[in-house]
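A short worksheet on the structure shown next.
Computed over heavy atoms, backbone and side chain alike; hydrogens, waters and symmetry mates excluded. Source: prediction; values computed, not measured.
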Amino acid sequence: MLFGKIGRRLLSWFLLVALIPLLFMGYQGYYFARHAVQREVFLHMEAVAAQKVSQIEQWFHERSDELLVLASNLQVIAACMRSDSSGLHDLTLVLESYRARAFASYCICATTGEMLVCNGPSDMTGCREICQTARDAREPVFGPIHAAPAIGLSMKAACAVRDSAGQTVGVVVTTLALAHTLNPIILDTTGLGHTGQAYLVDMEKTMLTPSRFMNHPAPLTHKMDSEGIRKALGEEKIQDPRSKIQNKNAGVYTGFEGQQVMGAWKFLPEQKWALIAEMDAEEAFAPLALLRRNTLLMALLMLGVIAVVVVVITRTLSNPIRKLAEASLDVSRGNLDRTVVVQLNDELGELATSFNQMVHSLKE
């Protein structure tokens with residue numbers, strides 16, 4: 001037999017003394033490592049979300065400044081104050097000089113919402129409404145994201161044109177092409193790995209920005225729901241008892257596509273948008289899978305070492321004992337010439353010597 005009774009007992013004790021503590025320490029290390037990785041991923045995802053929100057807010061500030069500069073242009077103010085269409089050609093040249101990559105078009109409208117001049121695609125979606133809002137506002141205003149036929153996802157921005165007395169004489173209305181301005185901020189996957197993405201939703205949970213994944217529906221065509229989105233929008237709903245939301249701005253939860261994700265969120269109060277940054281939990285915990293695999297490999301290696309050690313010890317102990325047992329059986333049958341040769345300098349060697357002396361005494 002490979003082990004024998006003694007070997008099996010030794011193997012049991014070795015496993016109890018060596019392998020079980022190893023597995024316990026491995027499990028404890030995995031448990032603490034999981035919490036540490038989870039905490040670090042939360043901090044990382046919160047930082048990604050905060051950075052994108054900061055970039056979006058900066059983007060809005062820059063667009064507001066550009067509108068304020070255009071609205072304060074003297075030629076624009078003079079054109080809005082005139083009741084006829086004279087000078088519109090010169091005003092078109094002024095608008096061209098202000099053209100920026102963020103804006104698909106600049107338009108000058110009367111206080112009634114009537115368009116006086118425009119230097120680009122004249123998308124009239126929401127134009128009259130935003131003119132009315134901007135007419136009484138002290139700062140530039142922004143409309144909702146919508147799909148324009150010529151430029152795709154876009155947004156209206158408007159700023160009141162005021163004369164020296166502070167009276168509103170017109171409105172500058174611009175169309176922002178989001179494909180080259182806002183969307184790149186959202187689609188930048190730096191820090192989001194292979195499965196992560198960021199997206200914007202409004203208060204109706206409509207997805208406002210495109211996904212990095214080609215199989216995802218187009219923006220503005222569908223609503224999404226997840227616990228992260230609900231938390232970001234501040235909805236007071238009963239949470240799924242299986243949820244693992246840990247803190248105010250990040251957590252582990254079931255994403256809108258049904259997979260476990262680690263996400264962080266930020267709410268943009270001025271736009272009433274929520275930005276969500278998510279990553280598949282499997283990818284986030286990938287270092288733990290390596291740790292778990294290494295722990296199991298170490299346990300298997302330790303088991304193999306223990307088995308080899310037990311085999312060596314068992315053979316070292318059992319062979320001399322077996323020789324003694326066979327010699328004792330021969331002596332009991334009357335063979336007093338039987339001796340045991342054991343070349344060991346331990347207790348088994350002393351036992352063999354004593355046995356030989358006993359047989360010799362019996363023979364005499």
Side-chain angles (χ1 to χ4, degrees), residues 38-65 102 126 130 133 137 139-146 153-157 176 178 181-192 196-212 216-217 219-240 243-257 259-281 284:
Q38 182 171 282
R39 183 173 60 254
E40 291 300 319
V41 173
F42 282 162
L43 293 175
H44 175 73
M45 297 301 289
E46 287 179 351
V48 170
Q51 181 185 24
K52 290 187 179 296
V53 167
S54 177
Q55 290 175 331
I56 293 172
E57 291 175 343
Q58 180 64 28
W59 181 82
F60 274 107
H61 289 319
E62 291 173 356
R63 303 294 82 77
S64 296
D65 291 342
I130 199 170
T133 304
E139 298 291 334
V141 296
F142 295 85
I145 294 177
H146 65 278
L153 290 179
S154 60
M155 177 190 297
K156 285 286 191 298
L176 294 152
L178 303 187
T181 55
L182 183 63
N183 289 352
I185 297 175
I186 303 300
L187 292 175
D188 181 10
T189 58
T190 302
L192 293 175
Q197 66 172 330
Y199 54 89
L200 289 172
V201 295
D202 59 14
M203 295 300 295
E204 301 299 324
K205 301 179 184 176
T206 302
M207 189 170 184
L208 303 176
T209 51
S211 170
R212 68 179 289 189
H216 198 276
L220 304 178
T221 62
H222 65 290
K223 298 181 184 295
M224 301 188 304
D225 189 26
S226 71
E227 190 165 358
I229 294 174
R230 295 196 296 270
K231 294 283 285 186
L233 296 176
E235 295 185 0
E236 296 296 334
K237 290 189 176 182
I238 299 176
Q239 296 182 0
D240 186 344
S243 168
K244 298 179 182 178
I245 293 287
Q246 267 76 23
N247 54 44
K248 183 178 179 182
N249 296 315
V252 180
Y253 54 91
T254 302
F256 60 88
E257 293 181 330
Q259 79 281 22
Q260 284 292 108
V261 298
M262 299 188 71
W265 49 84
K266 290 284 185 180
F267 186 70
L268 289 78
E270 293 186 9
Q271 292 77 30
K272 291 184 172 55
W273 293 345
L275 182 138
I276 318 292
E278 294 175 344
M279 177 187 297
D280 282 3

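- With sequence neighbours excluded, the residues that form a side-chain contact (heavy atoms from CB on, under 4.5 Å) with Ala284 are Val41, Met262, Met279.
- In terms of the side-chain contact (heavy atoms from CB on, under 4.5 Å) criterion, residue partners of Thr190 (sequence neighbours excluded) are, by chain and number, Asp188.
- In terms of heavy-atom proximity, Arg212 sits nearest to Leu187 at N-CD2, 4.0 Å.
- Among residues two or more places apart in sequence or in another chain, the side-chain contact (heavy atoms from CB on, under 4.5 Å) test is passed with Ser226 by Ile229, Tyr253, Glu278.
- Among residues two or more places apart in sequence or in another chain, the ring-ring contact (aromatic ring centres under 6.0 Å, His included) test is passed with Phe142 by Phe60.
- Taking 4.5 Å as the limit, every side-chain heavy atom of Leu208 sits out of range of all side-chain heavy atoms of Leu178.
- Residues forming a side chain to side chain donor-acceptor pair (under 3.5 Å) with Gln271 (at least two apart in sequence, or on another chain): none.
- Listed by chain and residue number, Asp202, Thr206, Lys223 satisfy the side-chain contact (heavy atoms from CB on, under 4.5 Å) test with Glu204 (two or more places apart in sequence, or in another chain).
- Taking Ser211 as the reference, Gln197 meet the side chain to side chain donor-acceptor pair (under 3.5 Å) condition, with sequence neighbours excluded.
- Here the NZ atom belonging to Lys231 is positioned 7.0 Å from the CD atom belonging to Glu227, to the nearest 0.5 angstrom.
- The ring-ring contact (aromatic ring centres under 6.0 Å, His included) test applied to His216 returns His222, Phe256, not counting sequence neighbours.
- Put simply, the side chain of Val201 does not reach to within 4.5 Å of the side chain of Trp273, judged on heavy atoms.
- Nearest heavy-atom pair, Phe267 versus Lys272, reported as atom, atom and distance to 0.1 Å: CZ-CA, 3.8 Å.
- The side-chain heavy atoms of Met45 and Leu192, taken from C-beta on, include a pair separated by under 4.5 Å.
- Across Thr209 and Pro219, no two heavy atoms sit closer than the pair C-CG, 3.5 Å.
- Side-chain N/O atoms of Thr254 and Gln260 include a donor and acceptor closer than 3.5 Å.
- Checked against side chain to side chain donor-acceptor pair (under 3.5 Å), Gln58 has the following partners two or more places apart in sequence or in another chain: Glu62.
- Minimum interatomic distance between Ile186 and Ala198 (heavy atoms only, all atoms of both residues): CG2-O, 3.0 Å.
- The shortest distance between side-chain heavy atoms of Asn183 and Leu153 falls below 4.5 Å.
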task: Could you walk me through whether Leu176 and Leu182 pass the side chain to side chain contact (heavy atoms under 4.5 Å, CB included) test, one step at a time?
output: CA-CA 9 Å; Leu176 294 152; Leu182 183 63; over 6 Å; no
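- Side-chain contact check for Lys156 versus His146: some heavy-atom pair is nearer than 4.5 Å.
- Residues Lys205 and Arg230 are in side-chain contact: their nearest non-hydrogen atoms beyond the backbone lie under 4.5 Å apart.
- Contact record, Ala137 with Val141: CB-CG1, 3.8 Å, taken as the closest heavy-atom pair.
- The structure places CG of Asn249 at 5.5 Å from CD of Glu46, a figure rounded to the nearest 0.5 Å.
- Among all heavy-atom pairs drawn from Pro140 and Ser64, the shortest one is CG-O, 3.7 Å.
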